[in-house]
Q: 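Okay, handing you the structure first.
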There are 2 protein chains.
Amino acid sequence: MKKTPFDMDKSVQVLKILGDKTRLTIVALLMKRELCVCELLEVFEMSQPSISQHLRKLKDAGLVKEARKGQWVYYSLNETAEYYPFIQTVINYIPDQSNKIRQIEKSNPTLRCGC
Amino acid sequence: MKKTPFDMDKSVQVLKILGDKTRLTIVALLMKRELCVCELLEVFEMSQPSISQHLRKLKDAGLVKEARKGQWVYYSLNETAEYYPFIQTVINYIPDQSNKIRQIEKSNPTLRCGC
DNA sequence: ATTACATATAAGTATATTCTTATATATCTA
DNA sequence: TAGATATATAAGAATATACTTATATGTAAT
């Protein structure tokens, strides 16, 4: 399992992207499962545009991909990225985010009516 | 070799510190051996205060330690830091910096007179 | 002691980053 | 088609970052 080193600039870009609490948490959450913007909104005390802007950065860097499903846009980790194993390794070092996933599932924002 | 996750804020701090090309390169170089400021100056196209300021950030974050030896101040990685294994892992993913070490040894800035 | 060298700190500046609010766009539903 | 919901983009503001030059400090050598 020898890892080919990435380009220096790319490495710096990835580390910089992950060096933000919101984005690092988003990536850790996406490690658990794909999530739409409104689900992410549940766990951050931040405006919707702010979340979208972080997701944009993650997408531009190739770390995540998006898929529209009806009115929702779901984000997931880009597992085909060459540096995906690196992302996995980093996330391995940070605290588990299961509590936030539970928080999302409790509020369940994509379920319109409770009937 | 289970790794205990670090505090989220600490993780973000470390990633942010490493998310800069100069600092990431410094850390990669220190992985090879300890270096003084004037040696680092040889491989960066940057002023001396700028290098010192990066080293200060690395020191404040606990990633490196310093040791004065006469008129020189040598910096080395803080191998006792709890997140040192993490640093090692990250550096494993980036290109080898041996060429820059060679460059330092060729100019040999701590050798005052060539006689 | 004076001078030179190595490094650190101070102060200022240009740019980058991360928010915010306002608005545009896309989809669903009635 | 109109209204509601989900998301993206634009524009602006506050703050952070990374450099610069000038200067201070600490050590060595003459």
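Chain naming here is simple, since letters A, B, ... match the order of the sequence lines and numbering starts at 1 in each. Predicted, not measured: the structure shown is a model, and the values here were computed from it.
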Q: Using the C1' atoms of five pairs at each end, what's the angle between the two axes of the helix from C/dA1-D/dT30 to C/dA30-D/dT1, to 10 degrees?
A: 10°
Q: Identify, with sequence neighbours excluded, every residue that meets side-chain contact (heavy atoms from CB on, under 4.5 Å) alongside A/Lys10.
A: A/Asp7, A/Gln13, A/Val14, A/Tyr83
Q: Rounded to whole angstrom units, what separation is found between the CG atom of A/Asp60 and the P atom of D/dT9?
A: 9 Å
Q: Between atom CZ in A/Phe44 and atom C1' in C/dT20, what is the gap in whole Å?
A: 18 Å
Q: Could you pull out the closest heavy-atom pair between A/Ala81 and A/Pro85, with the gap in Å?
A: O-CD, 4.1 Å
Q: What residues form a side-chain contact (heavy atoms from CB on, under 4.5 Å) with A/Arg102, not counting sequence neighbours?
A: A/Ser98, A/Asn99
Q: A/Arg56 has an atom CZ; how far is it from atom P of C/dC19, in whole Å?
A: 17 Å
Q: Rounded to the nearest Å, what distance is computed from the OH atom of residue A/Tyr74 to the P atom of nucleotide C/dA26?
A: 20 Å
Q: Without decimals, in angstroms, what is the distance between A/Glu66 CD and C/dT25 C1'?
A: 14 Å
Q: Grab the two heavy atoms, one from A/Pro95 and one from B/Met8, that are nearest each other, plus how far apart they are.
A: CG-N, 3.9 Å
Q: At their closest point, which heavy atom of B/Glu82 faces which heavy atom of B/Phe6, and how far apart are they?
A: O-CE2, 3.8 Å
Q: Whether the B/Lys65 and B/Ser76 side chains hold a donor-acceptor pair (N or O, under 3.5 Å, no angle test) is what I'd like checked.
A: yes
Q: A/Gln103: what forms a side chain to side chain donor-acceptor pair (under 3.5 Å) with it, not counting sequence neighbours?
A: none
Q: Spell out protein contact along nucleotides 13-21 of chain D as letters: B when the base is contacted, S when just the sugar-phosphate is, - when no protein heavy atom is under 4.0 Å; keep the 5' to 3' order.
A: ----SSBBB
Q: Who pairs with B/Val37 by side-chain contact (heavy atoms from CB on, under 4.5 Å), at least two apart in sequence or on another chain?
A: B/Gln48, B/Ile51, B/Ser52, B/Leu55, B/Tyr75
Q: Return the value, rounded to whole Å, for the distance between atom CD of A/Gln71 and atom C1' of D/dG3.
A: 13 Å
Q: Describe the nucleic acid contact of A/Tyr75 in one word from base, sugar-phosphate, nothing, applying a heavy-atom distance below 4.0 Å.
A: sugar-phosphate
Q: Please report the distance, rounded to the nearest Å, between CD1 in A/Ile26 and P in C/dT18.
A: 11 Å
Q: Do you know which two heavy atoms are closest between B/Arg33 and B/Leu35, and how far apart they sit?
A: NH1-CD2, 3.3 Å
Q: The side chain of A/Arg68 is closest to which nucleotide in this list: C/dT27, C/dC5, D/dA8?
A: C/dT27
Q: Rounded to whole Å, please give me the gap between CG in A/Leu58 and C1' in D/dA8.
A: 15 Å
